[in-house]
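All chains are named by letter (A, B, ...) in the order of the sequence lines, taking the proteins before the strands, and each is independently numbered beginning at 1.
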Number of protein chains: 2
Amino acid sequence: MLAQLTRETVAAEQPVLTAHGLTMWGYIVLSALDQSAIRTQATLAESIGADKTRIIPVLDALQNRGYIERIPDPDDRRARLLEITESGRSIKNATQADIQRGEEHWLAQLSAGDREVFLRVLQQLTFG
Amino acid sequence: MLAQLTRETVAAEQPVLTAHGLTMWGYIVLSALDQSAIRTQATLAESIGADKTRIIPVLDALQNRGYIERIPDPDDRRARLLEITESGRSIKNATQADIQRGEEHWLAQLSAGDREVFLRVLQQLTFG
DNA sequence: TATTGTTATACTCTATAACTATA
DNA sequence: TATAGTTATAGAGTATAACAATA
């Protein structure tokens with residue numbers, strides 16, 4: 001059920017992401033960096049459940065468009081401090097607003113109580 | 001969150017499926033056919049969110065092991081009635097029991113109420 | 001001509017291994 | 001020697017298109 005629901009929601013979000021010029025992984029990265037800057041790319045990759053090699057083209061694209069910065073750590077010049085920019089935050093917020101509008105299509109079927117529990121449990125199972 | 005949780009649960013189920021000699025899609029097909037026989041392969045594919053070409057090797061493997069039957073429909077010899085066998089049902093049940101044991105690892109964190117709501121809503125969003 | 005099932009092929013996504021630079 | 005990041009390559013998973021049989 002999880003897999004099928006995921007496929008459906010991903011398919012539904014795709015046009016929204018495309019309209020904002022973002023890929024799924026690009027959006028996930030911006031959302032992760034929106035909460036706090038991250039010191040290494042490997043840490044970011046692990047925190048979003050991706051391979052470290054897989055996010056490199058994603059970071060390249062985001063950086064080229066000025067949505068993130070990759071700042072070499074002065075204390076360890078191998079590592080890159082990853083930070084979202086103002087421009088990155090604003091496109092992330094705009095995209096998120098559109099996506100949440102789309103999610104209403106699903107969530108509207110639920111009672112307020114069911115909806116609260118479902119979202120809270122989903123968060124708990126994913127991050128807890 | 002859905003995508004990440006799906007990846008984690010799929011990864012956790014993989015060893016169980018392998019132990020029973022089933023693939024993820026093989027297990028999904030058996031679960032679908034366990035509820036009722038299905039008249040065409042395309043219908044089955046759509047109902048489980050797969051491509052009709054993608055399930056053919058899956059059906060071949062299941063049939064070779066005697067877990068399903070593909071009976072040509074006498075009224076329309078293009079179509080194949082898909083049915084689970086006794087042997088297919090028993091391996092599906094055994095696998096399902098093991099998987100549910102593994103899911104307890106996740107669900108045990110939840111209160112009885114949260115758990116009931118989450119599973120019910122998940123089902124509703126997926127199939128409703 | 002349209003549909004069911006099938007096969008072959010191409011494409012996308014992902015992971016593995018090898019490389020550079022820093023430590 | 002080990003680690004962060006990168007690149008190139010191979011592998012799995014998936015979708016597209018063309019085919020045979022039947023309607």
*Please state how far atom CE in A:Met24 lies from atom P in C:dT14, giving the value in whole angstrom units.*
10 Å

*Does A:Arg78 or A:Gln41 map to a spot on DNA chain D nearer the 5' end, using the closest nucleotide for each?*
A:Arg78

*Please determine if A:Arg70 and A:Asp60 form a salt bridge, counting it only when a charged side-chain N lies under 4.0 Å from a carboxylate O.*
yes

*Between atom CG in A:Asp75 and atom P in C:dT22, what is the gap in whole Å?*
15 Å

*D:dA21 P sits how many Å from B:Arg80 CZ, rounded?*
12 Å

*Using atom CD1 of A:Ile71 as one end and atom P of D:dA4 as the other, report the distance to the nearest whole Å.*
18 Å

_Does C:dA15 have its OP1 or OP2 closer than 4.0 Å to a side-chain nitrogen or oxygen of A:Arg54?_
yes

_B:Arg120 bridged to A:Asp114 by N-O distance under 4.0 Å_ = yes

*Quick one: label A:Asp51 by what it contacts on the DNA or RNA (base, sugar-phosphate, nothing), any heavy atom closer than 4.0 Å.*
base

*Can a donor-acceptor pair be found between the side chains of B:Ser87 and B:Ser90 at a distance below 3.5 Å?*
no

*Measure from CD1 on B:Ile55 to P on C:dT6 and round the result to the nearest Å.*
9 Å

*A:Ile48 CD1 - C:dT14 C1' separation (whole Å)*: 14 Å

*Determine: side-chain N/O of B:Trp25 to OP1/OP2 of D:dT14, distance under 4.0 Å, yes or no.*
yes

_Sidechain N-carboxylate O distance under 4.0 Å for B:Asp73, B:Arg80_ = no

*Ignoring backbone atoms, establish whether A:Arg70 has a side-chain N or O less than 4.0 Å from OP1 or OP2 of D:dA4.*
no

*If you take atom types as modelled and just measure distance, does the side chain of B:Thr53 reach the base of D:dT16 with a donor-acceptor pair under 3.5 Å?*
yes

_Nearest-Å distance for atom pair CD/P, residues B:Glu46 and C:dT4_ = 11 Å

_Note: A:Glu83-A:Arg89 ion pair, threshold 4.0 Å (strictly below)_ = no

*Side-chain N,O (A:Arg77) to OP1/OP2 (D:dT3) below 4.0 Å*: no

*If you find the nucleotide of DNA chain D closest to A:Thr43 and the one closest to A:Arg7, which residue's nucleotide is nearer the 5' end?*
A:Thr43

*Rounded off to whole Å, could you give me the NZ-to-C1' distance for the B:Lys52 and D:dA15 pair?*
12 Å

_Nucleotide nearest A:Ile56 (side chain, heavy atoms from C-beta), chosen from C:dT6, C:dT4, D:dT7_ = D:dT7

